Every structure is written in C-alpha cells, then in structure tokens.
Trainee: 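What follows is a single structure, and I will ask about it in a moment.
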Amino acid sequence: MTLVSAYVGWRALKGDERDAWIRSVAIAFAAIGGTSFREATLTNADFSQARLKSTDIRRAVLLRTRWRDADKLDRVRPGETYLNNPKIRELVLTGNGQGQSYDYLLNLAGINLQGANLVKADFTGSILKEGNLQGVDLTNARFIGANCNGINLQDADLSGSKLVQTQLDEADLTGSTLTGAYIEDWNITTKTRLDGIRCDYVFMRLPPEDDLNSDPHRKPDDKQKTFADGEFSDFIAPMVETLDLYHNQVLDPRALAIAFHELRENNPNADLEIISMEKRGKQRDQLLVRAETSQQSDLSALHRQYFERYDYLLTLPPQAMQALLIEKDREVQRLAGLVGTAIGRPSTQINKTYQGDTTVSEQGSNAPKYDLSNAQFAGGFAEIVEGNQIGGTINNAAAETPSLAEAAAEIQALLQQLEQTAPAETTTQKMTLATQAIGQIEANPTFKQRTVAALTAGGIKAFEAAIDHPVAAFVVGAIEEWKKA
C-alpha cells in the first residue's frame, strides 16, 4: 500500500491530469512551514533562478512578476493565479512559446514575458492587460480579441501579427515593429503610446482563411509605396478621446437614438458628440458608433450605462419603442433616421463645419450635440456641403433645384386632409396618420420624386421645419430612405 501511495503521489507531481487533485493535496501538505507570499503584492518582483519549492502565492498580485528559470516552480501553491496552468508555468519558466496556443486563457493579466520567443503563438481571446512583453519576438502571433490594455510592448516585433479587435488602451508600443500586421477593428486610444513605431505597411482587414483572394485593404494603398519614418503613427493615431459603442448584433436605430440621448442628458459634463458611424464585421452588418468625450470622462461607466439602457429598450414591444421615440424631440427622431441610413452604407463620417472660429453645427450652449444638419456622409448622397448658414444646406449638383417649400406644403396639406377623417391625438393615431401619408406619397411616383428632390436640395432639417406637424420627422425619414434607395 505504501508503494502504491508513493507511486500515485509521484505521478501526480509529474503532472498527470488524472491525479490533479492528489497533486494539489501533496503540494499543500509540502508547503506547510514553507515561504508564504499569500496575498502579497509581487509587482515587478524578479524570481529568476530562485528556488520556490513549497512556496505559497495564493491570491498574490503577480503584476509583471518574472519567473525565468526559477527552480521548483511546479511545486508552488498557485491558487487561482496564472501559474495554476501547466502551459503558462512552462512559458514563464522557459520563455519559449513559439507556435504554441494560449487562446482563451483568461487569467494572464500582468504576465511578464520579457525576452520570450512567441513567434506564431496564439493568444486569441486572452487577457494580457498590464503585462510585460518588452522586446519579445511576436512575429505572426495572434492576439485576436485579446485584452492588452496597459501592456508593455516596447521594441516588440509584431511583424505579421493578428491584432484584430485587440484592446490596446494605455498600451506602450514605443519602438515596436508592425510591418504587415493586421489591425482590423483594433482599439487604440489617445493614451496608447505609438512613438517610434517601425512600420512599412499594415492590413486593415484579416481575410478569411478559406479565401486567399480576399482584399486585406493594405495601407498605403499603393503596393509600391511604404510609410515614411513616423508616418504610420500620424496615420493611425486617434486625435480625440472617443466612446466606442460597438453593436455586434441586430441593431435597432430607435433604441440607439433614445439610449444615446438619455446618456447625454444624464452625463452633461461628458460633452458627448457623435463623430462617426462605421459598418464593421466580416459581413459588414455591425455598427460602430464613435462619440467624442471630454478628457475627464469615465469611458467604462459611460459604455456600461449606454448598453444597459440600450439592451433594456430592445426588450420593449415595437409599439412601446415607437411611442417612446415620439415622446422625444425631433433631434432624437432625426438621429434614429441617420442611424438607419448608416446601416445601409459603408460608413457615415460626421464632419464639423466651421465658419471662421464658429462651429456652424452648434446653435448655442443648449444646442443638441448630435445636430448633424451640416454633416457629410460617405456613400455619395451629398457631393456639396455648404455651411454658410446655421441650419445647413446640403446641395447635390443638379440641373434644376426643386422647391422645398412647395413639396412641404403638399405634404402638410395631405396630412391635414387625412386628419379630417382620422384625428391624430393619441400616439397610435399619430403613427397611423404618418403611415397613411407615407403610403399615399409612395403610391404617387411623381409626388414621391418631388419630395426626394426637395429633400436632396434643402436637407432634412429644413424640410422638417417647413412641415408644421408632429409626425413630420417620420414622413421625412421615409423620404430619406427613398432617397437612399
């Protein structure tokens, strides 16, 4: 019996997974009376070549702690730290992770891999935030969806690496090499350090593995050219602090507009202003909304508040959602329309327009931050944007300018005519009225064409203002969709 017990204990200490529970008991027994770092802060501590048999490090803070060539590292009591994983113990001990897969190991925060060889290593979905990978060879490594916020990548070789959807807020990439890296949807911020990066070219999209002919969107676009020294940092660095609201499921423009409006109302000091809407994802069916914020804003709190409200709104019946939108002012309804437009286009870039030192889109201190009357949208539905008047004028070059006033008068007369037989006092009645008006306009091709031409000539805000009716925003929103089509 003694020999059997000894054999089982030996096999457990050798790492046999079938006897992992015996290993834990054996190490716990051996650690009695040994060195204890339990709950200690070991930030930047160096245990290289140290003898660690019977050492207790449960609940210790292992931020950038170094373990290279430590003796008996497999005999410590690791608790829930990353040293609990045999593959990670081997990696920090030897520094050799070439070609290895560490994907979705979610407990690597603060890991110190300085000087390691991680060529073709896979860290997809892992948390490496605040770790130290300074000077590491990461050629062709994968960090898809990894959390690398605050990581030290100084002088690291990231050539050909996959940084798709990698989080790099406050990360230090000073002096790193990024030539040939794939940076689709990566998240860098104004706090990401990009000084002295060496980069000849990058790819903005990671092609599917089964489609070798897919365009990876190389930058610079000309394959005969490369970035000059320091040019890549200027090309890629974000200019302002942004709140990134990434919608990776079916999007409801009404919920987005309401949630963002309420977020802005509840956080007036955040100074929120939408600056872009971009279609994302391999199927281009996801939307990233970027909003500029003040420097002191808590982006994490704002992000959480927004999606808590947005997710709740998605649970409401369609009628309740529509009623809630009607209760909001026209700016919110217009934002919902613009989001709907953005979903159907490659991207929507919202540009501020200035006249001298005055921002034309802002009409005083209480003006809504997402007044987009002077915005120019990628996709081609506004070739000429003229910001010479508050309220904005968006004109397409055309042979003849239609009369906005005449088209607005026709719509208002139609709404008044419909109201004679169907009063519009309640929310349901208003929606019915708007639906009937939209149906009649669409059934008359000439009338429909005139309204689209008038909106193109005068812009959404001017068209709405010319129609004195509470459902004007919904009718104009339908006309905007026809214009897009």
Side-chain angles (χ1 to χ4, degrees), residues 37 40-52 55 57 60-76 78 81-103 105-144 146-163 166-168 170-181 186 188 192-199:
F37 291 105
T41 299
L42 301 176
T43 301
N44 295 319
D46 191 346
F47 289 96
S48 299
Q49 299 181 346
R51 185 175 177 83
L52 296 170
T55 302
I57 58 171
V61 177
L62 305 181
L63 187 59
R64 297 183 297 277
T65 309
R66 191 166 173 80
W67 309 99
R68 186 64 54 83
D69 298 324
D71 186 30
K72 306 299 183 183
L73 186 61
D74 59 333
R75 306 293 178 87
V76 302
T81 67
Y82 56 73
L83 293 178
N84 191 39
N85 187 295
K87 287 188 68 174
I88 299 303
R89 283 202 307 272
E90 182 68 16
L91 175 61
V92 298
L93 192 65
T94 66
N96 183 13
Q98 182 172 354
Q100 295 295 312
S101 176
Y102 306 99
D103 55 329
L105 294 175
L106 301 180
N107 59 345
L108 305 183
I111 194 169
N112 188 340
L113 298 174
Q114 185 175 3
N117 177 8
L118 300 176
V119 175
K120 296 184 178 180
D122 189 351
F123 290 94
T124 296
S126 297
I127 295 178
L128 293 152
K129 65 178 183 180
E130 299 185 330
N132 184 7
L133 276 70
Q134 183 176 4
V136 175
D137 187 350
L138 296 163
T139 305
N140 295 323
R142 296 171 62 94
F143 291 90
I144 298 175
N147 182 343
C148 294
N149 291 333
I151 197 170
N152 182 1
L153 288 167
Q154 293 183 45
D155 301 315
D157 189 349
L158 291 156
S159 301
S161 59
K162 280 72 173 177
L163 297 171
T166 306
Q167 305 297 308
L168 290 164
E170 297 189 2
D172 190 347
L173 277 70
T174 301
S176 62
T177 301
L178 283 169
T179 298
W186 73 343
I188 58 173
T192 305
R193 297 192 60 181
L194 303 169
D195 305 319
I197 284 182
R198 295 181 288 274
C199 181

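All values reported here derive from a predicted model rather than from experimental measurement.
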Trainee: Can Asp69 and Ser48 be said to form a side chain to side chain contact (heavy atoms under 4.5 Å, CB included), step by step?
Mentor: CA-CA 6 Å; Asp69 298 324; Ser48 299; 5.9 Å; no
Trainee: Kindly write out the residues that satisfy side-chain contact (heavy atoms from CB on, under 4.5 Å) with Asp71, not counting sequence neighbours, or none if the list is empty.
Mentor: Arg51
Trainee: Not counting sequence neighbours, which residues clear side-chain contact (heavy atoms from CB on, under 4.5 Å) with Arg193? List them please.
Mentor: Asp172, Thr174, Asp195
Trainee: Where is the tightest heavy-atom contact between Gln134 and Gln114, given as atom of each residue plus distance?
Mentor: O-CG, 3.4 Å
Trainee: Indicate the atoms forming the closest heavy-atom contact of Trp67 with Leu93, along with that distance.
Mentor: O-CD1, 3.7 Å
Trainee: Taking only residues at least two apart or on different chains, which pairs with a member in residues 147-159 satisfy salt bridge (Lys or Arg N to Asp or Glu O under 4.0 Å)?
Mentor: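 Residue pairs passing salt bridge (Lys or Arg N to Asp or Glu O under 4.0 Å), neighbours aside: none found.
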Trainee: Less than 4.5 Å apart, any side-chain heavy atom of Asn112 and any of Asp46?
Mentor: no
Trainee: Mind jotting down which residue pairs meet the salt bridge (Lys or Arg N to Asp or Glu O under 4.0 Å) criterion with at least one end in residues 114-125? Sequence neighbours excluded, please.
Mentor: Asp122-Arg142
Trainee: Measure the shortest side-chain to side-chain distance between Leu173 and Ile188 over non-hydrogen atoms and say whether it is less than 4.5 angstrom.
Mentor: no
Trainee: How long is the gap from CD1 on Ile197 to OG1 on Thr179, to the nearest 0.5 Å?
Mentor: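 Result: 10.0 Å between the selected atoms.
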Trainee: Taking only residues two or more places apart in sequence or in another chain, which ones pass side-chain contact (heavy atoms from CB on, under 4.5 Å) with Asn44?
Mentor: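 Here the qualifying residues are Arg64.
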Trainee: Checking Arg198 now: which residues fulfil side chain to side chain donor-acceptor pair (under 3.5 Å) with it, not counting sequence neighbours?
Mentor: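 Checked Arg198 against side chain to side chain donor-acceptor pair (under 3.5 Å); matches are Thr177.
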Trainee: Heavy atoms only: give me the nearest Ala171-Cys148 pair and the separation to one decimal.
Mentor: CB-O, 3.8 Å
Trainee: Run the side chain to side chain donor-acceptor pair (under 3.5 Å) test against Thr139 and tell me which residues pass, sequence neighbours left out.
Mentor: Asp137
Trainee: Considering only heavy atoms from C-beta outward, does the side chain of Thr65 approach that of Val92 to under 4.5 Å?
Mentor: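 Not in contact.
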Trainee: Could you tell me the separation between the OG1 atom of Thr124 and the NZ atom of Lys162, rounded to the nearest 0.5 Å?
Mentor: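 Spacing of OG1 (Thr124) from NZ (Lys162) equals 10.0 Å.
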Trainee: If you round to the nearest 0.5 Å, how far is CD of Gln154 from CG of Asn132?
Mentor: 8.0 Å
Trainee: Could you work out, with ring pair (Phe, Tyr, Trp, His ring centres under 6.0 Å) as the rule, every residue matching Phe37, not counting sequence neighbours?
Mentor: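 Here the qualifying residues are Phe47.
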Trainee: So which atom in Leu153 and which in Ser176 form the shortest heavy-atom distance, rounded to 0.1 Å?
Mentor: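 Reported closest heavy-atom pair: O-CB, 3.6 Å.
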Trainee: Find the distance between CG (Leu113) and CZ (Arg66) and round it off to the nearest 0.5 Å.
Mentor: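 Leu113 atom CG to Arg66 atom CZ measures 9.5 Å (nearest 0.5 Å).
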Trainee: If you round to the nearest 0.5 Å, how far is CG of Leu118 from CG of Leu91?
Mentor: 6.0 Å
Trainee: Carefully, step by step, assess Leu108 and Asn85 under the rule side chain to side chain contact (heavy atoms under 4.5 Å, CB included).
Mentor: CA-CA 10 Å; Leu108 305 183; Asn85 187 295; over 6 Å; no
Trainee: Test of understanding: with side-chain contact (heavy atoms from CB on, under 4.5 Å), list the residues that count as partners of Leu63, not counting sequence neighbours.
Mentor: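 Checked Leu63 against side-chain contact (heavy atoms from CB on, under 4.5 Å); matches are Thr43, Val61, Glu130.
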Trainee: Compare all side-chain heavy atoms of Asn149 with those of Glu170 and state whether any distance is below 4.5 angstrom.
Mentor: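 Answer no - side chains too far apart.
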Trainee: Using the test side chain to side chain donor-acceptor pair (under 3.5 Å), find all partners of Gln167 that sit at least two apart in sequence or belong to another chain.
Mentor: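 Per chain and number, Gln167 pairs via side chain to side chain donor-acceptor pair (under 3.5 Å) with Asn187.
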Trainee: Kindly give the heavy-atom pair with the smallest separation between Gly97 and Ala121, and that separation in Å.
Mentor: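 What the structure gives for the nearest pair is O-CB, 3.4 Å.
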Trainee: Of all residues at least two apart in sequence or in a different chain, which pass the ring pair (Phe, Tyr, Trp, His ring centres under 6.0 Å) check with Phe123?
Mentor: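 Phe123: ring pair (Phe, Tyr, Trp, His ring centres under 6.0 Å) contacts with Tyr102, Phe143.
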Trainee: Which residues pass the side chain to side chain donor-acceptor pair (under 3.5 Å) test with Asn140, sequence neighbours left out?
Mentor: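 None.
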Trainee: If you round to the nearest 0.5 Å, how far is CG of Leu178 from CG of Leu138?
Mentor: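 Those atoms lie 10.5 Å apart.
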